[in-house]
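Inspection log for the structure reproduced underneath, given as structure tokens.
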Amino acid sequence: MKETLAKYKEEIMPIIYTDANPKRMAYVVLDGPSGSAPVPKPDVTDNEAEYYAIAYGISQFIAAREGHGHELDSQQYAQEGNEIARVSTPASVTPRPIPPIEIRSDSEVVVKQLSRQYHIAADNLRKLAEGIWRQTQHIDVKFTWVPRNENLAGKMLK
């Protein structure tokens, strides 16, 4: 029974690919929307950009699911102090529950940090991770590392 449930969950789980460089971030929902936008802050590191891309992809997925449109302003993903802004997040007022989702990124460090396998020493990255954890507090989310050549969102940045 557990195997059947796990396989069913895997088959219906939306998969969101994310990628970024210090200038642009992108997301691709498998069999769904995709988009890219400028990273909302100048002079960010590769890891910071990856965090912004993950928050952006999750927010865009939720916005599209809720019928709020598809492309939101990338400035909604940053606040003073390098924190992720209050972005679309499912809560008790959400009309439709968000299914479990899988986030795929080619940044092994960011994936392991968000999966709580690695400690996050840098304050700026910890704040970004905390923003994503708040954003997904009502979602069953799995963070998965994928090789760069398999990251669909990375193809949008070339």
Side-chain angles (χ1 to χ4, degrees), residues 13-66 68-91 94 98-158:
M13 182 182 297
I15 297 171
I16 305 169
Y17 289 86
T18 63
D19 202 4
N21 59 44
K23 302 251 185 249
R24 292 201 65 78
M25 57 187 177
Y27 76 98
V28 173
V29 178
L30 199 59
D31 298 325
S34 64
S36 69
V39 172
K41 291 191 148 224
D43 303 318
V44 298
T45 65
D46 287 339
N47 285 345
E48 287 174 300
E50 291 287 342
Y51 276 102
Y52 282 117
I54 290 170
Y56 174 63
I58 293 168
S59 293
Q60 293 293 14
F61 171 75
I62 293 169
R65 184 172 170 78
E66 297 296 316
H68 299 302
H70 165 54
E71 273 302 314
L72 299 178
D73 182 356
S74 67
Q75 294 303 316
Q76 294 176 8
Y77 306 101
Q79 276 182 343
E80 193 74 27
N82 234 4
E83 291 184 50
I84 294 173
R86 288 178 173 79
V87 292
S88 299
T89 181
T94 302
I98 303 298
I101 60 174
E102 181 178 354
I103 305 296
R104 293 185 180 175
S105 170
D106 58 30
S107 174
E108 186 174 10
V109 170
V110 172
V111 165
K112 290 196 175 194
Q113 287 174 335
L114 287 172
S115 299
R116 300 174 195 250
Q117 296 173 29
Y118 284 1
H119 173 72
I120 306 171
D123 286 340
N124 59 333
L125 297 181
R126 192 174 325 103
K127 287 178 183 178
L128 292 169
E130 288 168 353
I132 290 170
W133 292 330
R134 278 192 308 275
Q135 182 185 23
T136 60
Q137 67 186 351
H138 300 291
I139 304 172
D140 181 12
V141 63
K142 175 182 176 184
F143 298 98
T144 304
W145 174 82
V146 294
R148 184 166 301 224
N149 64 346
E150 294 178 21
N151 189 344
L152 302 178
K155 296 176 186 343
M156 294 179 67
L157 298 175
K158 290 185 178 184

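Values reported hereafter were calculated over all heavy atoms of this structure, with side chains retained and with hydrogens, waters and symmetry mates removed.
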Atom NZ of Lys23: over 12 foreign heavy atoms under 6.0 Å: no

From CD1 (Ile16) to CD (Gln60), nearest 0.5 Å: 10.0 Å

By salt bridge (Lys or Arg N to Asp or Glu O under 4.0 Å) - contacts of Glu150 (at least two apart): none

For Asn149, all residues meeting side chain to side chain donor-acceptor pair (under 3.5 Å), sequence neighbours excluded: none

Note, Glu102 side chain near Pro14 side chain (heavy atom, < 4.5 Å): no

Any Ile15 side-chain heavy atom under 4.5 Å of Ile103 side chain: no

With Lys112 via salt bridge (Lys or Arg N to Asp or Glu O under 4.0 Å) - residues at least two apart: Glu108

Those residues that, when tested against Asp106, pass side chain to side chain donor-acceptor pair (under 3.5 Å) (two or more places apart): Asn151

Partners meeting side chain to side chain donor-acceptor pair (under 3.5 Å) with Ser115 (sequence neighbours left out): none

Within-4.5 Å side-chain heavy-atom neighbours: Tyr27 and Ser36: no

Pairwise side-chain contact, Leu30 with Tyr17, heavy-atom cut-off 4.5 Å (strictly under): yes

Partners passing side chain to side chain contact (heavy atoms under 4.5 Å, CB included) against Trp133 (at least two apart in sequence or in another chain): Leu114, Arg116, Ile120, Ala129, Glu130

Inter-residue atom distance Leu128.CG - Glu50.CD, 0.5 Å rounding: 12.0 Å

Donor-acceptor under 3.5 Å (Thr45 side chain, Glu48 main chain): yes

Salt bridge (Lys or Arg N to Asp or Glu O under 4.0 Å) partners for Asp31, two or more places apart: none

Residue pair Ser59 / Gln135, side-chain donor-acceptor N/O under 3.5 Å: yes

Partners meeting side chain to side chain contact (heavy atoms under 4.5 Å, CB included) with Pro42 (sequence neighbours left out): none

Residues forming a side chain to side chain donor-acceptor pair (under 3.5 Å) with Ser107, sequence neighbours excluded: none

All side chain to side chain contact (heavy atoms under 4.5 Å, CB included) counterparts of Leu157, not counting sequence neighbours: Asp19, Asn21, Arg24, Ala26

